[in-house]
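Structure first, then comments.
Every heavy atom of this structure was used, including side-chain atoms; hydrogens, water molecules and symmetry mates were not. Chain identifiers are assigned alphabetically (A, B, ...) following the order of the sequence lines, protein sequences preceding nucleic acid strands; residue numbering begins at 1 within each chain.
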2 protein chains.
Amino acid sequence: MAVKSLNDAVAMQDIARRAGVCKATVSRALNNPQRVSAKTRDKVLEVVAELGYTPNKLASSLRQGRSKHIAVMLPDITNPYFAPVVRSIEQTAMRRGYSVILNDTQDNPDLERTFAAMVHTRQVDGIITNSARIPFDLASVGGDVRRLPPIVNASEFCDLPEIIKVGVNNYQIGKQATEHLLNLGHTRIAALAGPGGLDSSDQRMRGFTDALQQQQLTVNTNWVYHGDYSMASGDLGARALMQWRERPTAIFCFGDLAAFGALHALRELGYQVPQDISVISVDGIALGEYTSPPLTTVAQPLEQIGSTAATLLIDLIEGERPPSNENVLAHRLIIRKSTGKPA
Amino acid sequence: MAVKSLNDAVAMQDIARRAGVCKATVSRALNNPQRVSAKTRDKVLEVVAELGYTPNKLASSLRQGRSKHIAVMLPDITNPYFAPVVRSIEQTAMRRGYSVILNDTQDNPDLERTFAAMVHTRQVDGIITNSARIPFDLASVGGDVRRLPPIVNASEFCDLPEIIKVGVNNYQIGKQATEHLLNLGHTRIAALAGPGGLDSSDQRMRGFTDALQQQQLTVNTNWVYHGDYSMASGDLGARALMQWRERPTAIFCFGDLAAFGALHALRELGYQVPQDISVISVDGIALGEYTSPPLTTVAQPLEQIGSTAATLLIDLIEGERPPSNENVLAHRLIIRKSTGKPA
DNA sequence: ATAAAGAATGTAACCCATTTCATCAAACCA
DNA sequence: TGGTTTGATGAAATGGGTTACATTCTTTAT
């Protein structure tokens, strides 16, 4: 049945025998070289090289009670927003000696829970999640959040204050994106928002509303469409927003993908961007540079979100609490060709 | 230092004690329920539920000599081509009880090797790689490929016949893409190829050449540009191709990303697609539906590549050799708006 | 020179589940 | 009814490291 892994044979005991020392010494020579005499160390390392020995990390993990694996949960790896985050997590983790186990939850709570169980089975030392749902069964920790295993919440926030979070200031993002449009002279601005109730979307909406109000403008509810950040919903949303008798001159998309969909719809409907209508969005994914027209967007520091999340999580695993639970990283408005003065 | 995981305490021994049986019986009750009397089984399961026991998978893996982890190596998770493949691998693996360890090698042989080393120490049961480089130090296995852990080579092929491969017929893809352009009446066709020497690119180029020759056309070397499949190289390549006095009326991009770059360049240069120039490409990534204009492309069955690769690998791990080492999946021409008759 | 401190190494327990082998009881057969 | 097969369970070895503790060999200090 199960094929036995191959170059097993050689274990620590074999090295020990051949080097004329005991297992413990081999272990020390490998992990705490300074705790072993130079002579012994050299001899051990020589035998290790000779026999091509690689320590079995499972055994080590079992004994030490930590696997040096971290899990990354995200709703959809296919989303270009997440890919750079994951890549950066992976790089950071690898540098610190951790491997990344990937889990695409498809935003399915059941899958999230299944995966979360991995923490209990000791397969992973901690989790980075991009979901607002923290899937751990609170009951199992007696309702005490502090007893949860290390978790870092990236990009999208849950409402447990005890959980460490890393992301951007979505309120400011919403405000700045809107202000960019206002500064260009737009007054009829639509919002192609994300799901209501989702923190990132709600915050951006607040920023949107406040920015308008500072110019004595109010939100036209006809011009607010709640999608799900996807291209398809951006397409649909843009069509919905443009159907009204009184049309907006600018659309603030709450995500780049939705903006791609919107650009597509607007083109099909025969509008020129930005001549007929401006489009701005949020995220700063790489594709935005190549759309037609290239997309003006408030970029999130995706790599930095990933590396920060990984660093915080690993610090946490290794016993170092971060100074703050809220880690807000800087966003950046990138002005390209999809926004302009209103006609 | 290292924080001890929390609800440790409860191990199999605890269940055993509490249920009045021995560890072995608990293990059997959990893994081979039919090998235990109904009464004992119920009692054990009851105690398991009561104490909230979850088996330590590290221990189990150590004992059984298999970790139920598979590693996925790919050059860049940020590439929209790979994301669906990875997602599909992950889903398939999860369904079969395996976790996926992700490694973004950035096409860096050193990183690949580093990671490959991990495979030994982490006791990863198998590997799916999207690189033509099989990074395992052959010396370490005495030059004997059969001693490598199970590997499946997806998308991009190495030249070891012993390695299982899953992917598409790139020659046919190249041919069909070209034929589509020929059928529309194009005779001046450029190729925005991938790196020379890379199997996928070379095969598509063969298909391209053969399709042209069947129409008594020859390849104009001015109209062949070798990029690296990236958007940036597509942009550059398109500009290079359009600089000649005699210009092509169609460009065959060897990858969707390059096509995005090409569309961007063509737009900037003032060409209308497809009125002035047609663009076709390969991959069928989701974004292609939303470009301007939507991209005609030969789609690869990305999900299927992933699921097939995962299935083959896990079968292999569990001792089942596939009928063939070459698993070629069907591609599909998707005609959208980026190709048309020549002016 | 010698006790005390320190460094190097060995012994054995430990992490926790799986699995072989032995044991014992119940069911089956002639 | 004695002998055998079958089924349930337990004892103990196992996988491969790590580490607390014990022991031995050096140094250093007096």
Side-chain angles (χ1 to χ4, degrees), chain A residues 1-2 4-45 47-48 51-68 97 120-123 125, chain B residues 1-2 4-45 47-48 51 53-68 97 120-125:
Chain A
M1 203 59 49
K4 188 101 176 143
S5 192
L6 301 147
N7 49 344
D8 270 82
V10 45
M12 196 171 259
Q13 181 62 60
D14 303 314
I15 306 298
R17 202 172 1 245
R18 184 109 173 203
V21 297
C22 71
K23 270 178 17 180
T25 301
V26 175
S27 176
R28 282 187 285 251
L30 260 28
N31 303 317
N32 297 77
Q34 78 291 353
R35 298 209 39 214
V36 159
S37 76
K39 193 157 139 275
T40 318
R41 191 193 322 135
D42 292 348
K43 177 65 184 167
V44 168
L45 294 178
V47 175
V48 164
L51 269 54
Y53 166 73
T54 47
N56 181 327
K57 216 154 188 202
L58 285 179
S60 152
S61 294
L62 172 61
R63 179 63 229 253
Q64 300 191 132
R66 54 176 170 69
S67 64
K68 293 262 198 166
H120 288 125
T121 61
R122 313 295 188 289
Q123 294 187 85
D125 295 339
Chain B
M1 204 54 52
K4 190 101 174 146
S5 193
L6 301 148
N7 49 345
D8 268 84
V10 45
M12 195 172 261
Q13 180 61 61
D14 304 313
I15 306 298
R17 204 173 359 248
R18 183 109 173 204
V21 296
C22 73
K23 274 179 6 181
T25 301
V26 175
S27 176
R28 282 186 286 250
L30 260 28
N31 303 317
N32 299 77
Q34 79 291 354
R35 298 211 39 211
V36 159
S37 75
K39 193 157 140 274
T40 316
R41 191 193 322 135
D42 292 348
K43 178 64 185 165
V44 168
L45 293 178
V47 176
V48 163
L51 269 56
Y53 166 73
T54 46
N56 182 327
K57 214 159 185 210
L58 287 179
S60 153
S61 293
L62 173 60
R63 180 63 232 257
Q64 300 191 133
R66 53 176 169 68
S67 62
K68 292 265 197 166
H120 286 124
T121 66
R122 293 277 195 191
Q123 311 301 113
V124 169
D125 294 340

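Minimum atom distance to the side chain of B:Cys22 is reached by D:dA11, of the listed C:dA17, C:dT18, D:dA11. Listed nucleotides: C:dC14, C:dT19, C:dG10. Nearest to the side chain of A:Arg28: C:dG10. Taking the side chain of B:Ala24 as heavy atoms from C-beta on, and the options D:dG17, C:dA17, D:dA12, the nearest nucleotide is D:dA12. Looking at the side chain of A:Thr25, the nearest of the listed nucleotides C:dA13, D:dA11, C:dT9 is C:dT9. In this structure, the nucleotide among D:dT19, C:dC16, C:dT9 sitting nearest to the side chain of B:Ala59 is C:dC16.
Look at NZ on A:Lys23: it is 22 Å from P on C:dA8, rounded to the nearest Å. Following rounding to the nearest Å, A:Gln13 (CD) and D:dT18 (C1') show an atom-to-atom distance of 14 Å. As a whole-Å value, the separation of B:Arg66 CZ from D:dG15 P is 16 Å. Summarising the geometry, the separation between CZ on B:Arg35 and P on C:dT19 is reported as 10 Å, rounded to the nearest angstrom. Taking atom CG of residue B:Leu62 and atom P of nucleotide C:dC15, one finds them 14 Å apart after rounding to whole Å. Between the CD atom of B:Gln123 and the P atom of D:dG16 there is a distance of 9 Å, rounded to whole Å. Nucleotide C:dC16 holds its P atom 17 Å from the CD atom of B:Gln64, rounded to whole Å. Atom NZ of A:Lys68 and atom C1' of D:dG17 are 15 Å apart (whole Å).
Note: B:Gln123 CD to B:Leu62 CG = 8.5 Å, rounded to the nearest 0.5 Å.
In terms of phosphate contacts, B:Ser27 brings a side-chain nitrogen or oxygen within less than 4.0 Å of OP1 or OP2 of C:dT18. For C:dC15, neither phosphate oxygen OP1 nor OP2 lies less than 4.0 angstrom from any side-chain nitrogen or oxygen of B:Asn56. Contact between the side-chain N/O atoms of B:Thr40 and the OP1/OP2 oxygens of D:dT9 is found at a separation under 4.0 Å. For B:Tyr53 and C:dC16, the shortest distance from a side-chain N or O to OP1 or OP2 is not below 4.0 Å. The side chain of B:Ser37 places no N or O atom within less than 4.0 Å of a non-bridging phosphate oxygen (OP1 or OP2) of D:dA8.
Inter-residue side-chain proximity for B:Met12 and B:Ser27 is flagged as met; some heavy-atom pair is nearer than 4.5 Å.
Residue whose closest nucleotide on DNA chain D sits further toward the 5' end, between B:Ser60 and B:Arg41: B:Arg41.
Backbone-only contact: A:Val21 has heavy atoms under 4.0 Å from sugar-phosphate atoms and none from a base.
Distance alone, capped at 3.5 Å, is enough to place a donor-acceptor pair between the A:Asp125 side chain and the A:Ser67 backbone. Panel note: side chain A:Ser61, backbone A:Lys57; a donor-acceptor pair is recorded below 3.5 Å. Looking at A:Asn32, its side chain never comes within 3.5 Å of a backbone N or O of A:Arg35 through a donor-acceptor pair.
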